[in-house]
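The structure under discussion appears below in the form of structure tokens.
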Amino acid sequence: LCETIKRTAFKITRVGQLIKCNVTLCGKIFISAQEKTSKDSQKFLSFGVSIPMKGKDESVTELRINVSTQGTQAEAGNYISGRRVTVVGVMYVKKIENNVYYNLRATSPIQFNETTDPDNLSGSVEFTGKIGSKGVKDLKSKKGNDFQVFDAFTHDSEGEKQGFYWVHFTNFSPIHEDFFKAGEYVEVNGELELDVFRSEARINCRATNIKKHEFVQTGNGAQQQGQA
């Protein structure tokens, strides 16, 4: 990702915007495993897992996640369509044009499930991106507790193709800092929550930590967005 913006005397290069989730996925394989080769010539297996979802608006969809794990074609028969699995790993989310990609890399051996195990995706979110134009809203719960809501996005690109993925955040420990407003870049950690809106899967986050995203000045006088 690279979005260049002129600001004062510096060239600001936006890099490192991301949505990284540490998750546990329980679902059904819908695309059987195939062997693939990474850029560093390492063999691995790739297959698709889906979980059904229903939103607050009663619309339904399937969340389809591409899973990669260590292995070769000789082991591919363990991961066939229709088999249920539990995968623990790191999932990255990006959007290019109208396509959203959920890529999960297993970090431990994949477990095989009984058919009665519920479909689920749970875990935590690490987000780096920009707060939307509506900014941060201060609200009060029915019990009188203060909280905040805001939407923020990441910007992904592949060549000329681009996409913006929005995440809805809820913050139950309100903060009122200068950096926490529309148009500012933030780093947010929190609990992963899933929703469906108009039959489209969405990631929400219950924030536990919010901070300003710092920019690192490089040796050539530019400032570069640091990694989350």
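Every heavy atom of this structure was used, including side-chain atoms; hydrogens, water molecules and symmetry mates were not.
Residues Val90 and Thr107 form a side-chain contact, since some pair of their non-hydrogen atoms from C-beta on lies under 4.5 Å apart. Taking 4.5 Å as the limit, every side-chain heavy atom of His155 sits out of range of all side-chain heavy atoms of Tyr165. Thr24 has its side chain out of reach of Asn120: every pair of non-hydrogen atoms, C-beta onward, lies at least 4.5 Å apart. Using a 4.5 Å heavy-atom threshold, the side chains of Arg84 and Cys26 count as touching. Contact of the Leu18 side chain with the Thr154 side chain is not registered, since no non-hydrogen atoms from C-beta on lie closer than 4.5 Å. Between Val196 and Val60 there is no side-chain heavy-atom pair separated by less than 4.5 Å. Here the side chains of Lys36 and Ser46 are in contact, with some heavy-atom distance below 4.5 Å. At a threshold of 4.5 Å between non-hydrogen side-chain atoms, the residues Tyr185 and Phe179 do not count as touching.
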Do Thr72 and Lys43 pass the side chain to side chain donor-acceptor pair (under 3.5 Å) test, and can you show the C-alpha distance, the side-chain angles, and the key distance before you say yes or no? CA-CA 6 Å; Thr72 64; Lys43 302 291 186 182; over 6 Å; no

With side chain to side chain contact (heavy atoms under 4.5 Å, CB included) as the test, would you mind laying out the steps for Met53 and Arg202 before giving the verdict? CA-CA 10 Å; Met53 295 176 57; Arg202 298 175 56 180; over 6 Å; no

Evaluate the criterion side chain to side chain donor-acceptor pair (under 3.5 Å) for residue pair Glu187 and Asn209; output intermediate values, then yes/no. CA-CA 8 Å; Glu187 298 177 18; Asn209 185 60; over 6 Å; no

Asp195 vs His168, test: side chain to side chain donor-acceptor pair (under 3.5 Å). Steps then yes/no. CA-CA 10 Å; Asp195 192 19; His168 180 72; over 6 Å; no

What's the verdict on side chain to side chain contact (heavy atoms under 4.5 Å, CB included) for Val93 and Tyr101, showing C-alpha distance, side-chain angles and the deciding distance? CA-CA 6 Å; Val93 182; Tyr101 301 94; over 6 Å; no

Would Asn189 and Glu126 count as a side chain to side chain donor-acceptor pair (under 3.5 Å) here? Give the steps. CA-CA 5 Å; Asn189 292 351; Glu126 299 174 21; 5.8 Å; no

Derivation and outcome, side chain to side chain contact (heavy atoms under 4.5 Å, CB included), residues Glu177 and Ile210: CA-CA 10 Å; Glu177 302 286 349; Ile210 303 170; over 6 Å; no

Apply side chain to side chain contact (heavy atoms under 4.5 Å, CB included) to Val167 and Asp151, showing your working. CA-CA 6 Å; Val167 177; Asp151 296 304; over 6 Å; no

Residues Phe47, Phe30; criterion ring pair (Phe, Tyr, Trp, His ring centres under 6.0 Å); working and verdict: CA-CA 8 Å; Phe47 57 93; Phe30 74 97; 9.7 Å; no

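Cation-pi contact between Arg83 and Phe112: present, with separation from the ring centre below 6.0 Å and deviation from the ring axis of at most 45°.
Atom CZ of Phe153 sits about 11.5 Å away from atom CD1 of Ile19, to the nearest 0.5 Å. The CD atom of Gln34 sits 10.5 Å away from the CZ atom of Phe44 when rounded to the nearest 0.5 Å. Here the SG-CD distance, from Cys205 to Glu191, works out to 8.0 Å after rounding to the nearest 0.5 Å. Here Gln148 contributes atom CD and Ile175 contributes atom CD1; the two are 6.5 Å apart, rounded to the nearest 0.5 Å. Atom CD of residue Glu35 and atom CG of residue Leu45 lie 7.0 Å apart, to the nearest 0.5 angstrom. In this structure, CD1 in Ile31 is found 14.5 Å from CD1 in Ile80, a value given to the nearest 0.5 Å.
Contacts of Glu114 classified as side-chain hydrogen bond (donor to acceptor under 3.5 Å, both in side chains), with partners at least two apart in sequence or in another chain: none. Here Asn145 pairs with Ser141, Lys143 under the side-chain contact (heavy atoms from CB on, under 4.5 Å) rule; sequence neighbours left out.
Ion pairing between Asp146 and Lys140 holds under the 4.0 Å rule for side-chain N and carboxylate O. The existence of a salt bridge linking Lys94 and Glu158 is confirmed by a sub-4.0 Å separation between a basic side-chain nitrogen and an acidic carboxylate oxygen. The pair Glu200-Arg198 fails the salt-bridge criterion, with no side-chain N (NZ, NE, NH1 or NH2) lying under 4.0 Å from an Asp/Glu carboxylate O.
Note on Val23 and Val100: same hydrophobic cluster, where clusters join Ile, Leu, Val, Met, Phe, Trp and Tyr whose side-chain heavy atoms are under 4.5 Å apart, directly or indirectly.
Ser157 places no side-chain N or O within donor-acceptor distance of the main-chain N or O of Lys161, the cut-off being under 3.5 Å.
Within 6.0 Å of the CD atom in Gln162, the count of heavy atoms belonging to other residues, nucleotides or ligands exceeds 12. Counting heavy atoms of neighbouring residues, nucleotides and ligands inside a 6.0 Å radius, atom NZ of Lys95 exceeds 12 of them. Residue-environment remark: CG (Asn98) stays at or below the threshold of 12 foreign heavy atoms within 6.0 Å. Gln70 CD: 12 or fewer foreign heavy atoms inside a 6.0 Å radius.
Nearest heavy-atom pair across Cys21 and Ile203 is SG-CD1, 4.4 Å. Contact record, Ser32 with Ser81: OG-N, 2.8 Å, taken as the closest heavy-atom pair. Heavy atoms only, all atoms of each residue included: Gly132 and Ala182 are closest at O-CB, 3.3 Å. Among all heavy-atom pairs drawn from Leu192 and Ser122, the shortest one is CD2-C, 4.1 Å. Here the shortest heavy-atom pairing between Pro174 and Asn171 reads CA-ND2, 3.6 Å. When all heavy atoms of Gly183 and Lys130 are compared, the pair lying nearest together is O-CE, 3.5 Å.
Between Met91 and the options Leu25, Leu121, Asn66, a side-chain contact (heavy atoms from CB on, under 4.5 Å) holds for only Leu121.
Taking the centre of each ring, Tyr102 and Tyr92 stay at or above the 6.0 Å mark.
Between Phe150 and Phe180, the two ring planes are perpendicular [angle over 60°; tilted spans 30° to 60°].
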